[in-house]
2 protein chains.
Amino acid sequence: MVKHFSAPYDRSMSRHDEIRQEMLRRINDGEWPVGSDIPHEMVLTEEFGAARGTVRRALSTLVEQGLIERRKRAGSRVVGQTSQTSKLHIPLIREEIESRGHAYSYRLLEREVKPGLHGIGTRNGLLWVRCLHLADGAPFQLEHRTINLDTLPQAAEQPFRVTGPNEWLVREVPATRVITRISAAAAEAEIAEILAVPEHAPLLIVSRETFMGEAHLTEARLSHPAEQYQVTTLSI
Amino acid sequence: MVKHFSAPYDRSMSRHDEIRQEMLRRINDGEWPVGSDIPHEMVLTEEFGAARGTVRRALSTLVEQGLIERRKRAGSRVVGQTSQTSKLHIPLIREEIESRGHAYSYRLLEREVKPGLHGIGTRNGLLWVRCLHLADGAPFQLEHRTINLDTLPQAAEQPFRVTGPNEWLVREVPATRVITRISAAAAEAEIAEILAVPEHAPLLIVSRETFMGEAHLTEARLSHPAEQYQVTTLSI
DNA sequence: TGGGCTTCTATGTCTAGACATAGAACGATA
DNA sequence: TATCGTTCTATGTCTAGACATAGAAGCCCA
């Protein structure tokens, strides 16, 4: 089969990646302008000399990226992003700190079993942990965590004295759904002291709830001094 | 072909979704514990009575979710997430404000063509825009934007007097790569005044750079009073 | 025992079909 | 002209193959 375009694409790419690159180029160069219909699958299939499945794979990637949209019978068209979607990747705090070339250390501040709340942990209660993650000895992240002992009874046996709940959860527990919220706030007196920042200093706060199916597993509130931490995401 | 499991799955789901659900259940219930190998594709293919492609589609989704990892010759295994990945979705500020039931309004503060910087916009310069997005008349987001006039010369003709650069960019310009950074900071005097918050009040700041291929398109710095705004993400 | 070579296999990619179906387009009717 | 069925088609899903290939596992030899 003939390839009907001859740009010097990386030969190590798979065919669907090559095709996707070429489609990207056409969008880029305005050959397929925003708002316009792009050719039907079968036309592209012939043009690229590939199977329909391969062309579809290239197209699906563009759909994921939000560059095109497709509707049955109506065909596919290039869209200007109505909202930018990107992948947010929050690493283990230990890795984050070590990747910056700092020494990681950990301190457990509080650990307590509390009664359930809002229908969560009504049987076995909630494990409440407060701990601090440090970079080169300086406070980097304050972690407030609750673990649902109904769904994760094994957590009750974890002391979390030398490693944080995160490390354990990551190793032992898979999650199917995660809700992450990122916000800013001024440091209250108690938190300011723990994080060694002035009162009312700006904090970047990452809150995360984790579920397995419908079951609530754990919730975390991670507070960082604003100067030290930012969240970065890449496009899909 | 027989389906070898009989849970009452939604019949409206596609087969690969059904299979994925069943796999999720097995991970959930510990039948496939974290760290363990899961059966080979061909075994699953037989068990589910589906084609290999269909089983692979279910598995790929689990890989995307970060629940399993696969390696040639070595097979597939369940992994505890070493880092949580989720989808970050930043809507048009107008939509954000209207979806909260507030009236959106816009004010252009500054618009100027500046010389290029760091090899960006060296030919035609950079269009620099500062504008304010309001909810029910109250400041909600301060937008600092630069647009690369080398790659987007059409932007020079846009007055941005009644709608912001975002609306125009979204309608006209596709992007292949977006870098988003989320941070917190204390409001400097000038910004505090524009946003009608006390000096040093915490701000949530979303910065975004947009590219088409390697070409730099635009850069935005969006500042919000911390109490009014947070970023939410859902799992993939 | 350890390093390098070969073999082998589970996953990755691709093809060429078939059938399902949302929903756009069209035509009939009021 | 507006509304309501009907038709039709581009996309969505699935199948059953073939071949490619990373890299784990085993082997040989020093």
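We name chains A, B, ... by the order of the sequence lines, and we start the count at 1 in each one.
- For B/His16, whose side chain is taken as the heavy atoms from C-beta onward, the closest listed nucleotide among D/dT13, C/dT11, C/dA16 is D/dT13.
- Residues forming a ring-ring contact (aromatic ring centres under 6.0 Å, His included) with A/Tyr106 (at least two apart in sequence, or on another chain): A/His133.
- Taking A/Glu167 as the reference, A/Arg94 meet the salt bridge (Lys or Arg N to Asp or Glu O under 4.0 Å) condition, with sequence neighbours excluded.
- Listed by chain and residue number, A/Arg70 satisfy the side-chain hydrogen bond (donor to acceptor under 3.5 Å, both in side chains) test with A/Ser76 (two or more places apart in sequence, or in another chain).
- Taken residue by residue, residues 52-60 of chain B places heavy atoms nearer than 4.0 Å to DNA chain C at B/Arg52, B/Arg56.
- Using a 4.0 Å cut-off, some side-chain N or O of B/Ser76 falls inside it from OP1 or OP2 of C/dT11.
- Among residues two or more places apart in sequence or in another chain, the salt bridge (Lys or Arg N to Asp or Glu O under 4.0 Å) test is passed with B/Arg111 by none.
- Taking atom CZ of A/Arg70 as the reference point, atom P of C/dG23 lies 14 Å away to the nearest angstrom.
- In this structure, B/Met13 places its CE atom 17 Å from C1' of D/dC14, rounding to the nearest Å.
- Listed pair B/Arg15 / D/dC14 fails the phosphate criterion, with no side-chain N or O lying under 4.0 Å from OP1 or OP2.
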Check the interface with nucleotides 23-26 of chain D: list each N/O to N/O pair with the protein under 3.5 Å, or write none.
unit_1, atom_1, unit_2, atom_2, d
D/dA24, OP1, B/Arg71, NE, 3.4
D/dA24, OP1, B/Arg71, NH2, 3.0

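- The side-chain hydrogen bond (donor to acceptor under 3.5 Å, both in side chains) test applied to A/Arg20 returns A/Asp17, not counting sequence neighbours.
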Could you pull out all donor-acceptor pairs under 3.5 Å where a side-chain atom in residues 52-60 of chain A meets a protein atom, sequence neighbours excluded?
unit_1, atom_1, unit_2, atom_2, d
A/Arg52, NE, A/Glu41, OE1, 2.5
A/Arg52, NH2, A/Glu41, OE1, 3.0
A/Arg56, NH1, A/Glu41, OE2, 2.4
A/Ser60, OG, A/Arg56, O, 2.5

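- Applying the salt bridge (Lys or Arg N to Asp or Glu O under 4.0 Å) rule to A/Arg73 yields no partners; only residues at least two apart in sequence or on another chain are considered.
- Atoms CZ (A/Phe48) and C1' (C/dT15) sit 17 Å apart, rounded to a whole Å.
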Could you tabulate the donor-acceptor pairs under 3.5 Å formed by side-chain atoms of residues 158-165 of chain B, not counting sequence neighbours?
none

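- Proximity of a side-chain donor or acceptor of A/His224 to a complementary backbone N or O of A/Leu204 within less than 3.5 Å is detected.
- Across the protein-nucleic acid pair, A/Arg20 atom CZ and C/dT13 atom P stand 12 Å apart, rounded to whole Å.
- Partners of A/Arg71 according to the salt bridge (Lys or Arg N to Asp or Glu O under 4.0 Å) rule, which considers only residues two or more places apart in sequence or in another chain, do not exist here.
- Of the residues in residues 35-44 of chain A, A/His40, A/Glu41 come within less than 4.0 Å of DNA chain D through at least one heavy atom, sorted by number.
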Between B/Gln141 and B/Leu222, is the side-chain contact (heavy atoms from CB on, under 4.5 Å) condition met? List the steps.
CA-CA 6 Å; B/Gln141 179 188 86; B/Leu222 313 169; 3.7 Å; yes

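- With rounding to whole Å, B/Ile19 atom CD1 is found 13 Å from D/dT13 atom P.
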